[in-house]
Amino acid sequence: MNGNRSFNRESAPSSSAHSGRPRQTARSHAWIRPALGLGAPVLDLTAGTGQDTLFLRQETPTDLPVLALDCQPEALERTASRLRAHGLRATLLRADHRETEDLLRQRQIPALGAALANLGYLPGGNRAIVTTPAGTLAALDAVARRLVPGGRMAVVAYTGHPGGPEEAAAVRAWWEGLAGSDWHTELDPADPPPGRPLFFGALRRGPGEDG
Ligand SMILES: C[S@@+](CC[C@H](N)C(=O)[O-])C[C@H]1O[C@@H](n2cnc3c(N)ncnc32)[C@H](O)[C@@H]1O
């Protein structure tokens, strides 16, 4: 189990379902940032409105691929448009992230430097199209298998929509199962204020690294 897990509790409670979103997104970006120049592709598992993909593309060296997937064309269009507005492009793939393993195999991507997933539904979109525990955990398995030493992954999970608390609990259980000697993890406590998004971060340690 995880021998080096740190818990972080943020101070101000939120009053609406997604009011902690910008803060947790910024936290996810800060967590991932050190892993963006490791020489391996990076992946956004839920492109959505493209904010995370834009962050990855802006902060990752131009010679490294940035892939982003989403099951909804609307999300990919919004992401492409956001990137275009900044004169940037990424590899945008319409896919269920449950298929991440197959997708990365087909594309011959054996290693990843970083990956993030901002779970839930597309803001302003169809709330019935929402991430689920089975798909999310399958995607995380595929990412964890590929993260290079020093590689990082981050998940923001929402608890204010139907199925959200269950998905957050499933992510927590998966996170807690990461082997302690190979991973350093940082995650929020299990009892957030109602509706508060939860952050999960993991760093794959290099050989001989303790911290
Ligand atoms: C909260 S949004 C992502 C936010 C996004 N990262 C951003 O920067 O705006 C969640 C996204 O997950 C997508 N999604 C839901 N289920 C999915 C699945 N099984 N596979 C891939 N994407 C999925 C939704 O279409 C939605 O766009």
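FYI, the numbering just counts along the sequence from 1. Both ligands and their constituent atoms are indexed starting at 1 by order of listing.
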Of all the non-hydrogen atoms in the protein, which one sits nearest to [atom], and at what distance?
atom: atom 9 (O) of ligand 1; result: Thr49 OG1, 2.5 Å
atom: atom 2 (S) of ligand 1; result: Tyr121 O, 3.4 Å
atom: atom 4 (C) of ligand 1; result: Arg21 NH2, 3.7 Å
atom: atom 22 (N) of ligand 1; result: Cys71 N, 3.4 Å
atom: atom 8 (O) of ligand 1; result: Asp52 N, 2.9 Å
atom: atom 10 (C) of ligand 1; result: Asn118 O, 3.4 Å
atom: atom 20 (N) of ligand 1; result: His97 N, 2.8 Å
atom: atom 11 (C) of ligand 1; result: Asp70 OD2, 3.5 Å

Find out if a path of hydrophobic residues (ILVMFWY) with successive side-chain heavy-atom gaps under 4.5 Å connects Leu104 to Leu140. yes
Is Leu178 reachable from Val155 through a run of hydrophobic residues whose side-chain heavy atoms are each under 4.5 Å from the next? yes
If you measure from each non-hydrogen atom of Val130 to ligand 1, which part falls under 4.0 Å: side chain, backbone, both or neither? backbone
Counting only heavy atoms closer than 4.0 Å, does ligand 1 sit against the backbone of Ala47, its side chain, both, or neither? backbone
What's the separation between atom CG in Leu112 and atom CG in Leu64, rounded to the nearest 0.5 Å? 11.0 Å
Measure the spacing between CG of Asp52 and CZ of Arg57 and express it to the nearest 0.5 Å. 14.5 Å
I want to know if ligand 1 touches Gln51 in the polar sense, i.e. an N/O pair below 3.5 angstrom. yes
Would you please classify the geometry between the Phe199 ring and the Trp31 ring as parallel, tilted or perpendicular, with 30° and 60° separating the classes? perpendicular
Can you check whether Leu119's main-chain N or O pairs, donor with acceptor, with Thr46's side chain at less than 3.5 Å? no
Has the side chain of Arg172 got a donor or acceptor atom that lies under 3.5 Å from a matching backbone atom of Pro189? yes
Assess whether side-chain hydrogen bond (donor to acceptor under 3.5 Å, both in side chains) is satisfied between Gln51 and Thr25, documenting all intermediate values. CA-CA 9 Å; Gln51 286 184 64; Thr25 299; 5.9 Å; no
Only heavy atoms of [X], strictly under 4.0 Å: list the atoms of ligand 1 that pass.
X: Gly120; value: 10 (C), 12 (O), 15 (C)
X: Leu122; value: 26 (C), 27 (O)
X: Ala75; value: 27 (O)

So between Leu93, Thr79, Asp96, whose heavy atom ends up nearest atom 19 (N) of ligand 1? Asp96
Heavy atom of [X] under 4.0 Å from ligand 1?
X: Ala95; result: yes
X: Leu119; result: yes
X: Gly50; result: yes

Does any donor atom in the side chain of Asp188 or Gln24 lie under 3.5 Å from an acceptor atom in the other side chain? yes
Quick one: does Thr91's side chain get under 4.5 Å of Leu93's, heavy atoms only? yes
Around atom CZ of Arg145, are there more than 12 heavy atoms of other residues, nucleotides or ligands at under 6.0 Å? yes
